[in-house]
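The shown structure was predicted, so the numbers you read here are calculated from the model rather than taken from an experiment.
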Amino acid sequence: MLGTYHMSELLEALKDLHHFHERHQLYQFILDRCGDVLKAQGGTYYAVKEETEEMIPEASRGVDIKVLREIPFKMTTGIAGWVATTKKALNVDNAQADKRFNRAVDVVTGVKTRSVICVPIVRKERILGIVELVNRTDGIFRDPDFEFLQQLCAQVGVAIENCTLLEETQELLAYTNSVINSLTGGFLSTDGRGSVTRCNNAACRILGITADEVLKKPLLEALPQYPAFAAILDVTLKREAPVARQEIELQKPHGGAMLIGYSTFLIRDDNQKLLGAAITFLDLSNLKKK
């Protein structure tokens, strides 16, 4: 059972845990916070790859991470390997007398391991990582230390999953933006409330605007110089009525006119909920002259 000290530290750690959105920062935070609370001389955070049985040091305490990465850590060796394989936590008072202990690590790092506390990070029955702390500075790791680390690691899996989802979302967004900006025609989209969400490079060139001028603004505010053009997409969204292969003549703010060919479409999720609308368009002025 956790005492006042460990419970207070656990609540503080959990409060800070989900503020991290980058995995490597999260790994180092976990290791440093646990090391401070449990007064550990050193420690390692391992990311686990079950398919190759590898354990990759991602954060370290007391030893240079570059030194640790020179050691091939496998799920088949060491106390951390046993924990990764069995998905069970361990609190070892005398590491030197434990048959599972990998003495090669002490040789490379120059640290003589006495006590070890090692806990797996499991999410949906899948091992994601290992937190291993060594050598409590005032003796051996105690039961409250063991429980503290287990309870914290039980929540770390969720935080890692959130980081992974954010990374995937950012990658998808970057991919989508790259594709949209590669289009030769203009592309402009809105969310369900009619605020502009995307405006590609071609749209900026054709309309003589910048993305910063229009993004996150309602259509009619975003394109005051082209109210008829803004109304096309506004009506598409409000009436849920896309159109195809239409033309409109727009007056340029500084004189002259251009003929725009356009199509609109609705953006929906997998459940057909309306998320927004978009318009693709081309400047047909030169084509018509020919």
Side-chain angles (χ1 to χ4, degrees), residues 18-23 25 158-290:
H18 297 288
H19 290 172
F20 291 89
H21 305 298
E22 202 280 324
R23 277 186 291 178
Q25 293 179 354
V158 178
I160 293 173
E161 191 174 69
N162 290 340
C163 287
T164 302
L165 289 173
L166 179 61
E167 289 171 4
E168 292 174 350
T169 300
Q170 290 172 334
E171 288 176 2
L172 180 59
L173 180 61
Y175 176 85
T176 302
N177 286 337
S178 178
V179 170
I180 289 174
N181 278 324
S182 297
L183 298 174
T184 56
F187 178 92
L188 193 146
S189 64
T190 74
D191 60 19
R193 297 183 299 274
S195 294
V196 178
T197 54
R198 282 192 177 88
C199 180
N200 75 347
N201 294 337
C204 292
R205 185 186 72 252
I206 294 169
L207 299 177
I209 59 176
T210 65
D212 290 340
E213 292 173 349
V214 299
L215 290 177
K216 298 182 180 180
K217 294 181 180 179
L219 273 168
L220 299 178
E221 291 181 21
L223 299 170
Q225 65 275 54
Y226 301 113
F229 184 74
I232 292 169
L233 193 51
D234 188 55
V235 169
T236 295
L237 179 63
K238 289 178 178 177
R239 297 183 181 176
E240 298 186 23
V243 296
R245 298 180 179 273
Q246 301 294 307
E247 294 180 0
I248 185 173
E249 186 174 272
L250 299 180
Q251 297 299 315
K252 296 180 181 179
H254 302 294
M258 58 181 170
L259 183 66
I260 299 295
Y262 65 91
S263 295
T264 64
F265 59 92
L266 299 172
I267 303 171
R268 299 183 185 275
D269 65 14
D270 292 340
N271 296 317
Q272 294 304 302
K273 178 183 177 182
L274 184 65
L275 301 179
I279 185 169
T280 57
F281 56 98
L282 292 170
D283 183 355
L284 305 177
S285 305
N286 293 331
L287 293 176
K288 289 295 183 178
K289 289 178 182 179
K290 294 178 181 179

Table please: side-chain donor-acceptor pairs of residues 270-278 below 3.5 Å, with sequence neighbours left out.
none

Looking only at heavy atoms, the pair that brings Q251 and G256 closest together is OE1-O, 3.3 Å

Backbone N/O of P242 and side chain of T264: donor-acceptor pair under 3.5 Å: no

- Task: Report the C-alpha distance between L237 and L219 in whole Å, list the side-chain angles of each, state the deciding distance to 0.1 Å, and finish with yes or no for side chain to side chain contact (heavy atoms under 4.5 Å, CB included).
- Result: CA-CA 11 Å; L237 179 63; L219 273 168; 5.8 Å; no

By ring pair (Phe, Tyr, Trp, His ring centres under 6.0 Å), F229 pairs with (sequence neighbours left out) F281

Residue pairs meeting salt bridge (Lys or Arg N to Asp or Glu O under 4.0 Å), one or both in residues 181-191, sequence neighbours left out, come to D191-R193

Taken in chain and number order and not counting sequence neighbours, the residues that satisfy ring pair (Phe, Tyr, Trp, His ring centres under 6.0 Å) with F187 are none

E22 and C163 have their tightest heavy-atom pair at N-SG, 3.9 Å

- So, the side chain of N177 versus the backbone of R198: is there a donor-acceptor pair under 3.5 Å, distance only? no

S189 and T197: side-chain donor and acceptor closer than 3.5 Å? yes

Closest non-hydrogen contact found for L266 with A241 is CD1-N, 4.5 Å

Correct closest heavy-atom pair for P253 and Y226 would be CD-OH, 3.4 Å

Residue pairs meeting side chain to side chain donor-acceptor pair (under 3.5 Å), one or both in residues 211-222, sequence neighbours left out, come to none

Side chain to side chain contact (heavy atoms under 4.5 Å, CB included) with I180: of T280, N200, N201, only one passes, and it is N200

Applied to residues 229-246, the salt bridge (Lys or Arg N to Asp or Glu O under 4.0 Å) test, sequence neighbours excluded, yields D234-K238, E240-R268

Closest non-hydrogen atoms of A211 and C199, given as atom of the first, atom of the second and distance, are CB-O, 4.1 Å

